[in-house]
Amino acid sequence: MEEQKRSKAKLVASGLIPFIFLIVMLAYIVGPGSTMIDLGVPLPELTVEKIDFVESEILVTVRNTGPIPVDVTLADVNDRIQPAAIEPDKHLERFETALVKIPFSWNEGEPYTIGLTTSDGTRFEKGVDAAAPALKPNSETVGFLLLIGTYVGVIPILIGLMWLPFIRKISQQKYIFFLALTVGLLLFLGIDAIEEALEVSSENLAGAFNGPLLIATTVLVSLFGLYYAGERLTKKSSLTKIANPYSVALMISIGIGLHNLGEGLAIGAAIGLGQVALSTFLIIGFALHNTTEGIAIAAPIAKEKTFIRKIIGLGLIAGVPAIFGTWIGSFGYSPFTSVIFLSIGAGAIFQVVIVLSKWLREYDKSFSSTPVVAGIAIGMLIMYLTGILV
Amino acid sequence: MLFVLVVTAVLTTFYFAYPNSSNANTGEKTFLSHNGAVIKTTGEVLDPVYSAQTLEFDPDKYLREFNYGRVSKLADGTTLREFTIIAEDDKMMEISPGVFYNVWTFNGTVPGPTIRATEGDLVRIHFINNGARSHTMHFHGEHPGEMDGVFEIVGAGGGQFTYEWIAGPVGVHPYHCHVMPLEEHIIHGLYGVYIVDPKDGRPQADEMVMVLNGFDTDFDTENNFYAANTIPFYYQHHPIQISTNQLIRVYVVNMVEFDPINNLHLHGNLYQYYPTGTDIVPSTFTDMITLSQTERGIMEFSYSYPGKYLFHAHKVEFSEKGWTGLFLATDKE
């Protein structure tokens with residue numbers, strides 16, 4: 001007993017000793033009185049995250065993304081100094097944001113550049129291609145976006161699910177083809193979500209957030225997190241054979257749901273930023289694109305007993321997030337949240353790809369039969385071709 | 001464990017996405033901005049309004065301050081005017097509210113002191129360089145080659161040089177440092193005005209100096225601020241007080257770099273213009289002059305009606321970045 005206690009204490013100590021040395025080293029390098037790391041001049045950095053055009057006023061959300069606190073001293077529109085107000089105050093700690101309100105009679109459809117100057121005279125700017133009034137959250141716009149979210153997310157997926165009876169009736173070989181097709185569709189969606197996240201991060205997210213690594217971390221954490229949860233879920237319910245395919249379909253629905261939340265954000269943000277032409281294409285493209293997501297949900301449950309409520313439920317889990325996406329994207333757009341949602345979505349989709357691949361291996365050990373290879377390839381091609389419309 | 005991690009991650013996400021939501025609103029205030037816009041805010045105002053109390057450099061004082069030097073008579077009757085000018089280059093000056101810029105100065109200000117002499121006077125300038133870089137003083141006007149401030153580099157940390165010449169020709173001239181890289185030395189503020197009066201003088205007038213200058217605070221070879229006498233929008237908030245039916249004489253010197261031209265438009269009036277001030281007969285009667293680098297002249301006008309009159313660059317970009325001001329003309333009692 002004594003012996004055991006002592007060895008445990010030793011174990012804890014041996015685990016902690018390296019930490020103590022690490023702390024001593026850090027204290028030596030950056031602690032008070034140390035002049036070792038006093039190199040170079042830290043430069044201020046401001047990132048304009050959002051520009052809203054409201055009645056005779058331009059609202060600018062700005063974040064201090066540099067290594068030091070900054071004071072915002074001046075605002076300008078098109079490089080012409082304008083009086084403005086800043087809330088809560090002009091001093092920004094690291095990563096703190098402020099709202100700059102510039103009284104300005106802007107003209108709809110014209111491009112504007114907003115500049116902010118810090119106390120050392122450095123100017124940071126951000127352009128808007130065409131000014132458009134910011135959407136106000138009232139019953140009319142909320143309803144309008146609800147409708148768009150439904151068109152984009154819910155209806156196409158339910159239409160896609162209507163292929164279920166067809167998939168049910170086909171031979172084993174063809175069924176494997178459809179499962180593989182789903183893998184292809186999902187692979188494409190996952191890559192698409194990552195690409196979208198990278199685009200948002202490079203355009204709107206400050207370098208301080210280290211966008212690509214934020215995306216990689218979020219994708220992998222969500223992938224392994226969901227995989228872990230998924231395995232637990234399927235193991236527990238493996239007594240009833242039926243639950244297994246449905247839980248896979250549920251995971252697919254959740255993954256697609258997160259992906260559609262991202263799509264909704266994209267559409268909402270485009271509407272919010274007044275890019276009407278772009279948002280029309282987004283809506284048509286996503287709607288076509290999303291019917292294929294219905295097939296992805298239908299394939300794993302095709303050989304099972306049909307529970308119509310469950311199937312509609314799955315469709316809604318996958319589709320309804322698009323509605324929330326349009327709301328968030330239009331009224332509370334934040335590049336940081338978009339990147340996070342898109343990355344979680346990608347991770348979720350890759351998790352489903354792994355699970356489906358495991359299934360396919362049960363039918364095709366070498367993963368090289370014609371239906372599997374053709375299914376994955378055609379799945380990706382379908383996505384690419386319908387994706388061009390976006 | 002997993003649950004704690006998830007909660008932490010979610011809270012962190014929300015902190016980054018919406019960090020302002022926790023700040024309570026503390027009543028809304030209303031402000032009137034420099035261009036008349038009404039701003040309602042719970043926060044602070046960003047407006048280049050300057051109150052004289054916080055100002056290190058006083059454009060009102062500079063406007064009418066002429067330095068005639070320490071005057072003495074030589075044996076032959078010539079007037080000797082001696083000046084001491086000290087250059088420094090380590091000063092951080094608030095050139096617009098909250099914006100700090102490393103100015104390089106002659107006698108501590110941008111522009112340096114206005115040096116004034118009469119044609120034929122002996123001008124002697126004791127120049128001391130207390131900066132960390134080499135500097136000189138290069139005067140426009142007539143003088144011997146070795147007094148030109150180009151090749152006689154004055155070393156940092158207390159280097160000295162004495163410039164001496166007979167004042168001439170009549171007119172208004174700039175002076176500035178002429179050490180390479182020249183642009184860097186000029187844009188940081190090493191310049192000023194040198195006036196040579198005719199022997200018989202000019203008619204009595206309310207005289208003032210305006211140096212049109214700019215500051216490139218982010219070093220992208222474009223000016224961020226423009227002004228008449230350094231402080232953007234200053235005379236907009238502190239109108240220059242003048243009397244009606246009084247002759248006003250403005251010595252104007254353009255020291256703006258980067259932009260090829262500057263100009264000056266006067267409202268409600270026209271002025272007699274003497275390019276470089278070398279002639280005592282005006283060359284034009286106008287309300288608009290165009291000035292290239294170091295181009296300068298004398299403007300003379302008087303207002304018949306009391307009121308507020310704007311003067312500004314009609315290159316409107318410059319006026320929207322600070323080069324604008326007001327004359328307030330009132331009747332004398």
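Excluded from the calculations below are hydrogen atoms, water molecules and symmetry mates; all remaining heavy atoms, backbone and side chain alike, are included.
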Handout entry: Distance, nearest 0.5 Å, that separates CD1 of A/Ile81 from CD of B/Glu320
Key = 9.0 Å
Problem - Check: B/Thr217 side chain, A/Gly121 main-chain N or O, donor-acceptor pair, under 3.5 Å - result: yes
Problem - Gap separating the CD atom of B/Glu317 from the CG atom of A/Asp79, nearest 0.5 angstrom - result: 6.0 Å
Handout entry: A/Ser56 portion near chain B, given a 4.5 angstrom heavy-atom threshold
Key = neither
Problem - Heavy-atom pair of closest approach, residues B/Thr41 and A/Ile86 - result: OG1-O, 4.3 Å
Practice task
Tell me, for A/Val221 versus chain B, whether the close heavy atoms (under 4.5 Å) come from the side chain, the backbone, both or neither.
Solution key: neither
Handout entry: Rounded distance (nearest 0.5 Å) linking atom CE of B/Met92 with atom CG of A/Asp120
Key = 7.5 Å
Practice task
Considering non-hydrogen atoms only, spot the tightest contact between A/Thr73 and B/Pro97 and give its length.
Solution key: CB-O, 3.7 Å
Practice task
Measure A/Asp71 against the heavy atoms of chain B and call it side chain, backbone, both or neither at under 4.5 Å.
Solution key: neither
Problem - Point-to-point distance, once rounded to the nearest 0.5 Å, from CG of A/Leu99 to OG1 of B/Thr42 - result: 8.5 Å
Handout entry: Contacting region of B/Phe100 [heavy-atom separation from chain A under 4.5 Å]
Key = both
Exercise for the section: Assess whether atom CZ of A/Phe324 is packed by more than 12 heavy atoms of other residues, nucleotides or ligands within 6.0 Å. Expected result: no
Exercise for the section: Would you give the length of the straight line joining atom CG of B/Asp218 to atom OG1 of A/Thr117, rounded to the nearest 0.5 angstrom? Expected result: 7.5 Å
Fill in the blank from the handout: Here the gap from B/Asp220 atom CG to A/Arg123 atom CZ, rounded to the nearest 0.5 Å, amounts to 8.5 Å
Handout entry: Segment of B/Phe225 engaging chain A (4.5 angstrom heavy-atom cut-off)
Key = side chain
Exercise for the section: Tell me, for B/Phe233 versus chain A, whether the close heavy atoms (under 4.5 Å) come from the side chain, the backbone, both or neither. Expected result: side chain
